Amino acid sequence: MSAPTTFDLPISGMTCASCAGRVERALAKVPGVQRAEVNLASERARLEVTNTPLQSLIEAVEAAGYQVPERSLELAIEGMTCASCAGRVERALARVPGVCAVSVNLASERAHLQLLDSVDTGALLQAVAAAGYQAQPLDAEGPAADPAERRLRRERRVVLLALLLAAPLVLPMFAAWLGLHWMLPAWLQFALATPVQFLLGARFYRAGWQALRARTGNMDLLVALGTSAAYGLSLYQWWQAPSGAMPHLYFEAAAVVIALVLLGKYLESRAKRQTTSAIRALEALRPERAIRLRDGVEEEVTIAALRLGDLVVVRPGERFPVDGEVLEGQSHADETLISGESLPVPKQPGARVTAGAINGEGRLLVRTNALGKETVLAQIIRLVEDAQAGKAPIQKLVDRVSAVFVPAVVLLALLTLAVWLALGAGLESALLNAVAVLVIACPCALGLATPTAIMAGTGAAARHGILIKDAEALEIAHRVTAVAFDKTGTLTSGRPRIAHLRALDGNEDELLRLAGALQRGSEHPLARAVLEACREHGLSLPATSDSQALAGRGIAASLDGRRLALGNRRLLDESGLAPGALEADARTWEAEGRTLSWLIEQAPRPRLLGLFAFGDTLKPGAAEAIAHLHARGIRTHLISGDNPGSAGAVARTLGIDDVHAEVLPADKAAEVARLKAGGAVVAMVGDGINDAPALAAADVGIAMGGGTDVAMQAAGITLMRGDPRLVPAALAISQRTYAKIRQNLFWAFVYNLVGIPLAAAGLLDPMFAGAAMAFSSVSVVSNALLLRRWQPERE
């Protein structure tokens, strides 16, 4: 039976002693809780538990009506070399009381933790150190320096020195291929191999020893055992050789294996660094200083000195230091690296600007709306980091394999040694075959296969305005068989425009001018559509008087002695007028799902002047997006709260397969569930608050850029631009990434499935085994890096 664990559980929301008592009773009922004492003053519960999942305690507190404050933490981990290392760090952190969830990414060398507020960071660092590694916390801005770059330079120096010392040891082997037979003296071989084995290769002994202390194994242990066996055999052969005789030594095998493994780790580290290039490119967009305007005086300050509401001057060619609103000036902004939008975006007073974008030709005065962690750029970086830190479901299989891989290889090497000895082979031959098994069976490629592909794929997607929030969404998206779209704001612009107008006297400009005069100053969406059309036609609008809003019908006003009104069919009926010659047009446009407004003259004599039909405009690229999805064999659905005529018109124009109209917001999730029940893997695309339940219910939720924060929180994928063509692009990058994961896992397993039997059969020299092992890791990472070439336009 496990020993009880004592720790503090933070609790928020308690206001009185009865609250504390309620929480205490709720916790005491959880199986495994030995003791629960709640302190109202410190807002802590002192718990003594045995084998009680932390999630059960959190759920008990929440069921009682209170909350357990949690926080996220990123740790940079140094010293991991393979999947077994990542698994050991993960298990060590998970054992710290108060850690809710932990995910360790070998490729990014980071640990992402979800933990209670009460957890001391020092306890986490000690847990990592006890497992044999080093950790340091990363704040939201990342580490102050770039330790990866320094480590890469150090690795390069070690590799060069190892290769220089090992090269003379393999020269006789190459000379033998040319018919020249000579050997270096034993003392010289010893002098060259020893510093490689014990100085440059010391990292393998340190990491291997830590693995043994933790009662597990890793790649370093395999290398240390294998090369030590070859080195030790050489010493034994040298010691046993008669005086003056040249013994058969294997110093070159030990030294070359270490040099090749070090070379492979260096190339792997350099390649892994390229998988995080998207994050570094985004971080590089953050300006360090800004020009603040205060009391009419411009002053240069650090970003940290700015406050919300400060006025910031952005000169031509500079990056916007903050998120804000333009108050003065006209310009364009290059937002390519933020949203993937390749064309400059016009900026004028009232326009929003994003930190990191590049100002174009004009000087702008910007009022600060967001700083630091709250800027769009910071949120994008956080989303990409979270996605790269997460694990795809397929990685769980790899983790289970890695947990038993190294012990199994050690047993297999011992078995190889025993079998060869039993078959009558000498100790020398049997030991070399066992060494080759240890060296070839490196789990590095296995551990890197999935995370490097995910990092490269999410990075490539982010560069094109597709933010993938978690690895699970990335893995599922490639299996999508049905895509459900919301209509307004997703496939359409969400802004009505005049689709048709008809004047009974044939003068449509005059009809539009009168309607614009009535709507002047109104903020109604239909009024804005009329006024926009007037601006496009260059019409001057006369002044009106006695303007009156007609509730549920429209608006009326006086103009040049006439009483005019613009409104719906109810207003027309109340005026005692009939559609007359406009009846056919009205029926046709209503069938298209248009909203109709009638312009009438109420005085001096009632008469109908004309008819307007309003409709939402389709977004550019909507039809192309649907065509791309159909080309991929994906069925499309439209789920809209609009009337069947409007929804049907959009579906017919775009070629959408199925229409679900007049769906209440609460029922959208039910429609998605119905599609899933029919066997479809469903992606839901939306942008509004009313779409959030459906986005969460879908297998993959895709939120359109410019939509609500609620929609983006519910979705697994966020499109930074409101371009429907990014929907098939998101599915395409998912497919490409998952294909890379499968390719990488295939090759990682093939290296071992082919290499281990060859080594055990005595057909693989330890030096070639070392080269193959190093090549396997580099090839897996290099294959993943091919995703960086991905372009949505090519799909």
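Here the structure is a predicted model, which is why all the values come from computation and not from measurement.
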Inter-residue atom distance [X].[atom1] - [Y].[atom2], 0.5 Å rounding:
X: S103; Y: H112; atom1: OG; atom2: NE2; result: 7.5 Å
X: H478; Y: L731; atom1: NE2; atom2: CG; result: 11.0 Å
X: L115; Y: S72; atom1: CG; atom2: OG; result: 7.5 Å
X: Y133; Y: M80; atom1: OH; atom2: CE; result: 8.0 Å

Looking only at heavy atoms, which two atoms of [X] and [Y] are closest? And how far apart?
X: L27; Y: A45; value: CD1-CB, 3.8 Å
X: A64; Y: A26; value: CB-CB, 4.0 Å
X: L787; Y: A453; value: CD1-O, 3.5 Å
X: L675; Y: A484; value: CD1-CB, 4.4 Å
X: A460; Y: I733; value: CB-CD1, 4.5 Å
X: P10; Y: R44; value: CB-NH1, 3.3 Å

Qualifying residues under side chain to side chain donor-acceptor pair (under 3.5 Å), relative to R46, sequence neighbours excluded: D8
Check side chain to side chain donor-acceptor pair (under 3.5 Å) between T737 and all other residues, then give those that pass, not counting sequence neighbours. none
Taking only Lys NZ, Arg NE, NH1 and NH2, and the carboxylate oxygens of Asp or Glu, determine whether K668 and D486 approach each other closer than 4.0 Å. yes
Report yes if the side chains of [X] and [Y] come closer than 4.5 Å at any heavy-atom pair, otherwise no.
X: L9; Y: V61; value: yes
X: I717; Y: L467; value: no
X: F204; Y: I258; value: yes
X: L116; Y: L54; value: yes
X: C19; Y: Y66; value: yes
X: M684; Y: I702; value: no
X: E70; Y: I58; value: yes
X: M14; Y: I11; value: yes

Do any N or O atoms from the side chain of [X] and from the backbone of [Y] form a donor-acceptor pair under 3.5 angstrom?
X: T481; Y: V681; value: yes
X: T52; Y: P31; value: yes
X: S734; Y: A730; value: no
X: D323; Y: A355; value: yes

Test side chain to side chain contact (heavy atoms under 4.5 Å, CB included) applied to V158 and E155, step by step: CA-CA 5 Å; V158 170; E155 285 184 14; 5.7 Å; no
What's the verdict on side chain to side chain contact (heavy atoms under 4.5 Å, CB included) for L124 and V99, showing C-alpha distance, side-chain angles and the deciding distance? CA-CA 9 Å; L124 300 171; V99 173; 3.7 Å; yes
Is there a side chain to side chain contact (heavy atoms under 4.5 Å, CB included) between R742 and Y738? Walk through the geometry before answering. CA-CA 6 Å; R742 286 182 298 181; Y738 194 69; 3.6 Å; yes
Once salt bridge (charged side-chain N to carboxylate O under 4.0 Å, His left out) is applied, what residue pairs with a partner in residues 17-28 remain, sequence neighbours excluded? none
Could you name each residue pair satisfying salt bridge (charged side-chain N to carboxylate O under 4.0 Å, His left out) that touches residues 117-131, not counting sequence neighbours? none
From CA spacing to verdict: side chain to side chain contact (heavy atoms under 4.5 Å, CB included), T50, V33: CA-CA 6 Å; T50 304; V33 173; over 6 Å; no
Excluding sequence neighbours, so at least two apart, what forms side-chain contact (heavy atoms from CB on, under 4.5 Å) with [X]?
X: R674; value: H660, E671
X: E48; value: P4, T6, Q34, R35
X: F198; value: T194, Y205, Y231
X: P53; value: S56

Side-chain donor-acceptor pairs under 3.5 Å in residues 407-417, sequence neighbours left out?
from	atom 1	to	atom 2	distance (Å)
T416	OG1	L412	O	2.8

